[in-house]
Number of protein chains: 2
Amino acid sequence: MATATVMRESIELCDTLTEEEDTLTREIITRVADKWSLWVMHVLVTAEGPLRFSRVHDEVEGISQKSLTKALRQLERDGMVTRTMFAEVPPRVEYAITPIGIEMMEHVEPLWLWVAKSVGRFQQARAEFDGRGK
Amino acid sequence: MATATVMRESIELCDTLTEEEDTLTREIITRVADKWSLWVMHVLVTAEGPLRFSRVHDEVEGISQKSLTKALRQLERDGMVTRTMFAEVPPRVEYAITPIGIEMMEHVEPLWLWVAKSVGRFQQARAEFDGRGK
DNA sequence: CAGTATCCAGATCGATACTG
DNA sequence: CAGTATCGATCTGGATACTG
């Protein structure tokens, strides 16, 4: 019943979106699953303050410079992080999470939490499936 | 403060996950952003009953046979849909959502809903960013 | 009907090298 | 320091053709 309510609400809302809005919605959702975007935002949230490029690069273990740059640009473009450049030598650039970025994380975390809590059930499902397939 | 609570809870939980569990968690989350998986599940939820392969193929507009097969296999493997084969000629195969699949959708929809409702703010952020970049 | 098999174009991502 | 540019391996996904 709670299900039906949520479903109906989302179906109605989705019907009111233009094609452009629908595309953008999907793109934003994509950030959630993106290998790095969520991790980058997580680092910026827990830092509770701006971080330099190299600090983020340290914290997000395994990311390449190229991928980090790309992730940060996307997040900046979508208003989830800010990028502040200081006219110094050597150059200093600081990244920080925005209010909408925090909102995003607040909405993502419950889902992430549920999946993490359910991981045992997914493992069992896979074990059964892989077993059936011999 | 609600933020901090959720964050802390998720950080603690994530620390208890083995590497294998963490990988699986990420894979499941990936389904959320996958172009087709969520759409397929949505179709199966709203159908309120099993659907044949060709019916799903009709409902999920634009998907190729190959991609649909792959999406259904993944969802089946992760326990979110069931696949029932009938020994008939011509062959009949029916797909249905599972309880855990419904749970998944229940946890995804609020996020989707928030993004859809916030789409105007994301559009504005992009407009500003693209404007600044000349 | 419900797939599988094959080919192929485009996107993605890491590694590496270079620059203001 | 904070990138950009480039190259190559890998992955993805559609189109097409074939099968039990």
Side-chain angles (χ1 to χ4, degrees), chain A residues 23-24 26-40 43-44 47 49-78 81-96 129 132-134, chain B residues 23 26-41 43-44 47 49-78 81-96 129 132-134:
Chain A
T23 302
L24 181 53
R26 288 171 193 279
E27 274 183 57
I28 301 294
I29 291 283
T30 298
R31 303 284 170 270
V32 176
D34 181 72
K35 190 178 176 184
W36 302 117
S37 297
L38 213 62
W39 195 346
V40 169
V43 164
L44 291 177
L51 289 182
R52 304 180 62 150
F53 184 88
S54 49
R55 284 254 61 77
V56 181
H57 192 246
D58 291 344
E59 302 280 351
V60 184
E61 291 160 43
I63 196 171
S64 67
Q65 214 169 24
K66 180 181 164 187
S67 295
L68 178 56
T69 300
K70 190 184 166 194
L72 284 169
R73 284 287 177 287
Q74 286 179 335
L75 292 173
E76 188 197 356
R77 180 165 188 243
D78 292 335
V81 312
T82 56
R83 178 177 181 274
T84 312
M85 246 181 83
F86 297 87
E88 303 174 1
V89 184
R92 179 163 57 107
V93 179
E94 287 186 344
Y95 294 92
F129 181 90
R132 276 203 312 276
K134 256 163 288 99
Chain B
T23 302
R26 288 171 193 279
E27 274 184 56
I28 301 294
I29 290 284
T30 298
R31 302 284 170 272
V32 176
D34 181 72
K35 189 178 176 183
W36 302 118
S37 297
L38 214 62
W39 194 347
V40 169
M41 290 180 73
V43 163
L44 291 176
L51 289 183
R52 304 179 63 150
F53 184 88
S54 48
R55 285 253 60 79
V56 181
H57 192 246
D58 291 345
E59 302 280 351
V60 184
E61 291 159 42
I63 195 172
S64 67
Q65 213 168 24
K66 180 182 166 186
S67 296
L68 178 56
T69 300
K70 189 184 166 195
L72 285 168
R73 284 287 177 286
Q74 286 178 334
L75 292 173
E76 187 196 358
R77 181 165 186 241
D78 292 335
V81 311
T82 57
R83 177 177 182 275
T84 312
M85 246 181 82
F86 297 88
E88 303 174 2
V89 184
R92 179 163 56 109
V93 179
E94 287 186 345
Y95 293 93
F129 180 89
R132 276 203 311 278
K134 260 164 292 92

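The basis for the numbers below is simple: all heavy atoms, side chains too, and nothing from hydrogens, waters or symmetry mates. Chain letters run A, B, ... following the sequence lines, proteins first, then strands; residues in each count from 1.
Direction of the helix axis in the helix from C:dC1-D:dG20 to C:dG20-D:dC1 shifts by 40° between the two five-pair termini, rounded to 10°.
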Using atom types as modelled, flag every donor-acceptor pair under 3.5 Å from a side chain in residues 65-75 of chain A to any protein atom, sequence neighbours excluded.
from: A:Ser67; atom 1: OG; to: A:Ser64; atom 2: OG; distance (Å): 3.1
from: A:Thr69; atom 1: OG1; to: A:Gln65; atom 2: O; distance (Å): 2.9

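Atom CG of residue A:Leu38 and atom CZ of residue A:Arg31 lie 11.5 Å apart, to the nearest 0.5 angstrom. Expressed to the nearest 0.5 Å, how far CD of B:Glu76 lies from OG1 of B:Thr84 amounts to 9.0 Å. In this structure, A:Thr30 OG1 and B:Asp34 CG are separated by 9.5 Å, a value rounded to the nearest 0.5 Å.
Backbone-only engagement by A:Tyr95 is indicated by non-hydrogen atom pairs under 4.0 Å involving sugar-phosphate atoms exclusively. Residue contacts for B:Glu88: at a heavy-atom cut-off of 4.0 Å it reaches no nucleic acid atom on any strand shown.
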What's touching nucleotides 5-8 of chain C from the protein side, N or O pairs under 3.5 Å?
none

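Between A:Val93 and B:Ser64, the residue anchored nearer the 5' end of DNA chain D, judged by the nucleotide with its closest heavy atom, is A:Val93. Mapped onto DNA chain C by nearest heavy atom, B:Arg73 and A:Trp36 fall at different nucleotides, with B:Arg73 at the one closer to the 5' end. Comparing A:Ile63 and A:Pro91 by the nucleotide of DNA chain C that holds the closest heavy atom to each, the one mapping nearer the 5' end is A:Ile63.
Here chain B contacts DNA chain D (any atom closer than 4.0 Å to a heavy atom, that is under 4.0 Å), and the contacts span D:dG13 to D:dG20 from 5' to 3'.
Here the P atom of nucleotide C:dA11 and the CD atom of A:Glu27 are 14 Å apart, to the nearest Å.
Checked against side chain to side chain contact (heavy atoms under 4.5 Å, CB included), A:Glu88 has the following partners two or more places apart in sequence or in another chain: A:Phe86, A:Arg92. With sequence neighbours left out, B:Ala96 forms a side chain to side chain contact (heavy atoms under 4.5 Å, CB included) with B:Pro50, B:Thr82. Residues forming a salt bridge (charged side-chain N to carboxylate O under 4.0 Å, His left out) with B:Arg83 (at least two apart in sequence, or on another chain): none. Residues satisfying the side chain to side chain contact (heavy atoms under 4.5 Å, CB included) test with B:Ile28, not counting sequence neighbours, are A:Val115, A:Phe122, B:Leu24, B:Asp78, B:Met80, B:Met104. With sequence neighbours left out, the side chain to side chain contact (heavy atoms under 4.5 Å, CB included) criterion links A:Leu51 to A:Val43, A:Leu44, A:Ala47, A:Arg55, A:Val56. In terms of the salt bridge (charged side-chain N to carboxylate O under 4.0 Å, His left out) criterion, residue partners of A:Glu27 (sequence neighbours excluded) are, by chain and number, B:Arg126. A:Arg77 pairs by the salt bridge (charged side-chain N to carboxylate O under 4.0 Å, His left out) definition with B:Asp130, not counting sequence neighbours.
Within residues 50-60 of chain A, the residues approaching DNA chain D are A:Arg52, A:Phe53, A:Ser54, by heavy-atom distance under 4.0 Å.
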